[in-house]
Amino acid sequence: MARKFITYFDNEGNDYTDELILAVKDRLENSPQIKRILIASSTGKSALQLYNALDGDIEIINVTHHMGFSAPNESDISDDMIQELERVGIKTYHGSHAFSGAARGVTNKYGGYSPLDVVADTLRMFSHGVKVAAEISIMATDAGLIPVGEEIIAIGGRGHGVDTAVILTPVNAKDLFNLEFHEIIAMPRD
């Protein structure tokens with residue numbers, strides 16, 4: 001078995017996209033079973049950067065915020081960027097966040113928390129990007145963009161760019177606690 005190393009970044013929320021992509025690229029060289037990468041990129045820039053850096057036959061799916069995340073009736077990703085991503089074969093998914101969605105509307109109005117807030121906060125104990133990686137994998141699986149039971153790389157972060165990459169086996173939301181993390185490729189230390 002090949003030795004696997006975890007790349008650690010100093011702080012979460014910083015843009016470590018270049019370094020993260022190098023770590024993912026290195027890991028892919030020893031992971032022929034991985035055929036898909038999910039990336040959380042609200043503007044699409046990190047997804048395009050990932051595509052430009054990778055060689056080979058790997059499917060990249062960009063997961064962005066749902067419509068209205070930043071402002072009513074607005075998307076954080078431009079139509080031009082969606083078309084550019086499609087031109088190179090990257091699908092873009094808009095959808096409600098798996099760990100908040102409508103539940104966030106209830107807690108915003110009435111206070112308290114939902115059980116999914118506990119799940120999200122538990123994953124954030126590792127890093128915000130670990131939470132995002134799990135969340136986008138559930139979202140894409142529920143949308144039929146990736147199959148259940150196949151190891152993928154999921155990339156997330158906080159703020160601008162990305163800082164976390166994991167290998168996981170995704171599940172549908174109804175099977176949340178069957179999601180399996182296999183490896184951390186990169187993540188922030190603090």
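Note that the coordinates shown come from a computational prediction; the quantities given were computed from them, not determined experimentally.
Ion pairing of Lys25 with Glu29 is absent here, as no side-chain N (NZ or NE/NH1/NH2) approaches a carboxylate O to less than 4.0 Å. Taking the charged nitrogens against the carboxylate oxygens, Glu151 and Lys35 have no contact shorter than 4.0 Å, which rules out a salt bridge. A salt bridge links Lys91 and Glu59; the closest N-O separation between the charged side-chain nitrogens and carboxylate oxygens is under 4.0 Å.
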Quick one, Val119 with Phe177, criterion side chain to side chain contact (heavy atoms under 4.5 Å, CB included). Give me CA distance, side-chain angles, the key distance, then yes/no. CA-CA 10 Å; Val119 172; Phe177 292 106; 3.9 Å; yes
Could you go through the side chain to side chain contact (heavy atoms under 4.5 Å, CB included) check for Ile37 and Ile152 one step at a time?
CA-CA 6 Å; Ile37 298 177; Ile152 65 163; over 6 Å; no
Exercise for the section: Evaluate side chain to side chain contact (heavy atoms under 4.5 Å, CB included) for Val166 paired with Ile153, printing each intermediate quantity in order. Expected result: CA-CA 6 Å; Val166 299; Ile153 292 177; over 6 Å; no
Before you tell me yes or no, could you show the steps for Gln83 and Asp80 under side chain to side chain contact (heavy atoms under 4.5 Å, CB included), namely the whole-Å CA-CA distance, both residues' side-chain angles and the distance that decides it to 0.1 Å?
CA-CA 5 Å; Gln83 289 174 3; Asp80 289 342; 4.2 Å; yes
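Heavy atoms only, all atoms of each residue included: Ser46 and Gly161 are closest at OG-CA, 3.7 Å. Nearest heavy-atom pair across Pro170 and Glu150 is CD-O, 3.1 Å. Closest approach of Pro188 and Thr164 over heavy atoms only: CD-OG1, 3.3 Å.
Panel note: side chain Ser114, backbone Leu116; a donor-acceptor pair is recorded below 3.5 Å. In this structure, the side chain of Asp142 engages the main chain of Ala173 through a donor-acceptor pair within 3.5 Å. The main-chain N or O of Val118 is never found under 3.5 Å from a side-chain atom of Asp121 such that the two would form a donor-acceptor pair. With Ser78 contributing its side chain and Met81 its backbone, the two residues share a donor-acceptor pair below 3.5 Å. Between the side chain of Asp26 and the main chain of Leu22, no donor-acceptor pair closer than 3.5 Å is present.
Of the inter-residue distances, the one linking His65 atom NE2 with Glu74 atom CD reads 13.5 Å to the nearest 0.5 angstrom. Atoms CD1 and CG, on Ile77 and Asn62 in that order, are 5.0 Å from each other to the nearest 0.5 Å. The distance from the OG atom of Ser41 to the CD1 atom of Ile90 is 9.0 Å, given to the nearest 0.5 Å.
Contact of the Glu183 side chain with the Leu168 side chain is not registered, since no non-hydrogen atoms from C-beta on lie closer than 4.5 Å.
When each of Ile146, Val63, Thr64 is checked for a side-chain contact (heavy atoms from CB on, under 4.5 Å) with Ile136, only Val63 meets the rule.
Ring pair Phe9/Tyr16 is parallel by interplanar angle, where below 30° counts as parallel and above 60° as perpendicular.
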